[in-house]
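All remarks here apply to the structure that follows.
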Amino acid sequence: MRAQLERDFERFKRELPRDFPDHVRDTYRIDLSARYLGHTIPHPIGKGSGQLSLNLEQLETDRAAGLAFVVLKTVIAEDAAGARAMAAWAIHETRMKVERRRSSAGREGWTVTWKGRGWDRSFGDYLALVRAAGDLTRSGEMLAVPSVKYHLPRLNEAFRADEYRHTTGRLASAWGEDPLLLEKDFSPTLAGDSLADEREQILRWLREVPRQIRGGTTHPVRLALKLMNARFDDAFQQQMLEAAASADALVVFNRLWDDQTLVAYGGYDLSDRNLRVLAGRRPGLALGSLVASGNVCSGRILLEYARLGCQSAQLHTFLQLPLSEYPASAGSRTQRALHALLFHPEDGLIAGMIDLEAQGRLERREGELRFLDLKQIDGR
Ligand SMILES: Cc1cc2nc3c(=O)[nH]c(=O)nc-3n(C[C@H](O)[C@H](O)[C@H](O)COP(=O)(O)O)c2cc1C
């Protein structure tokens, strides 16, 4: 199998076939099936919300590459009169810098430095994208999911129910008849804001936001909360997980906030923290399904998240590196990233699963190794 992997790695450098999950199943007897928001997807790799999911062209490139899901850029919620409690998050900024970043433990990784925030065009424009996303999702080729930042009150304030109702209702009508798949973003810029200075306030949001969103529409909603890394310790991060237990899925966790330079960042500090918090959570804690986010830059890192219970992963930085950083010599960035994440003979997901089998830690069932069985290794 290792010789075959070397061969596939070399030949797919020129072009990754879109049906690579079938190829992996036939050739290695590895079932890459994964889960995102109640859907079974052919493999675990998707794209996180951000500057790489702003328009139809980007969606089409990802569909053609065979990405499993894409989360659209986060839109800022509004009420029927167009008022937005979180308007400060709708600022326009185009310049992004992809840079190397050394973690506090000395490991060299990548981060994207950017001072922007949410969707900066009209809500109407966003709804047009959501219409296309609903159609794409129904086609079965790739899930495409909207993301929202809604009003978050201070402790002594009420939730602006109008804003929740109006925004979710409009998204649901644009999406179509099936249950609406939706992410609610708690961003690193929010973690850095004075709104997030109080622990009780954050925990209240996590407990109540799912009810506010679902209560605002008669349309069924499957909701993922994308949790921020708050500026508190690991124990508080675990309290956040518990408070968010009523969501259907939890995306764990958005980027870190640098109080000195006032920017969000990633790299190995981010994956170290996320994996540490996941490993430290209370055994037996019942949560919605977990979706990894944070420095998924190799199949090996993806494997670590999966062993801790993540059933899929959403990436941003690794889909944005300079072309010279990918081993593939042709194809879109998404194709090149998928090629490296899956087929790299040392760091890829397939190599990692074969190693776990050799170590006796992952067993075949009905002749197959299964991605979704990884969670049993370090499961809580
Ligand atoms: C430039 C940039 C913009 C982003 N914008 C959003 C956003 O609008 N909503 C959101 O939920 N996450 C946003 N993210 C976070 C990413 O989706 C992802 O969770 C995070 O970057 C960690 O994954 P990574 O290490 O693979 O980049 C953004 C990230 C970057 C780098």
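Just follow the structure's listing: the first ligand is 1, and inside any ligand the first atom is 1.
Salt bridge annotation for R364-E368: absent, with no cationic side-chain nitrogen under 4.0 angstrom from a carboxylate oxygen. K73 has no carboxylate O lying under 4.0 Å from a charged side-chain N of D120, or vice versa, which leaves the two without a salt bridge.
Looking only at protein heavy atoms, the nearest one to atom 8 (O) of ligand 1 is K73 NZ, 2.7 Å. Nearest to atom 22 (C) of ligand 1 among the protein's heavy atoms is S293 OG, 3.5 Å. For atom 25 (O) of ligand 1, the closest heavy atom belonging to the protein is N295 N, 2.7 Å.
Residue contacts with ligand 1, taken as heavy atom pairs separated by less than 4.0 Å, do not involve E183 at all. At a 4.0 Å heavy-atom cut-off, ligand 1 touches D185 through the side chain alone. With a 4.0 Å heavy-atom cut-off, ligand 1 is reached by the backbone of H316 and by its side chain too. Neither the backbone nor the side chain of Q320 comes within 4.0 Å of ligand 1, counting heavy atoms alone.
The ligand atoms of ligand 1 that sit less than 4.0 angstrom from a heavy atom of G294 are 22 (C), 23 (O), 25 (O). Atom numbering of ligand 1 starts at 1 in the shown order; those under 4.0 Å from a heavy atom of V112 are 31 (C). Within the listing of ligand 1, atoms 24 (P), 25 (O), 26 (O), 27 (O) sit less than 4.0 angstrom from a heavy atom of T317. The ligand atoms of ligand 1 that sit less than 4.0 angstrom from a heavy atom of G48 are 17 (O). Within ligand 1, the atoms closer than 4.0 Å to a non-hydrogen atom of T74 are 7 (C), 8 (O), 9 (N), 10 (C), 11 (O), numbered from 1 in the order shown.
Of the options M228, M96, R255, K97, the smallest heavy-atom separation from atom 21 (O) of ligand 1 is shown by R255. Of the candidates S49, G266, G50, S49 brings a heavy atom nearest to atom 13 (C) of ligand 1. Here the shortest heavy-atom distance to atom 10 (C) of ligand 1, taken over K149, Q314, K115, K226, belongs to K226.
Here the side chains of V71 and F69 are in contact, with some heavy-atom distance below 4.5 Å.
Judged by distance alone, with hydrogens and angles left aside, the side-chain atoms of R255 form a donor-acceptor pair with the main-chain N or O of V112 at under 3.5 Å.
V24 and M142 fall within the same hydrophobic cluster, defined by Ile, Leu, Val, Met, Phe, Trp and Tyr side-chain heavy atoms under 4.5 Å apart, directly or through other members. In terms of hydrophobic clustering, with Ile, Leu, Val, Met, Phe, Trp and Tyr side chains grouped at heavy-atom distances under 4.5 Å, V263 and M228 are assigned to different clusters.
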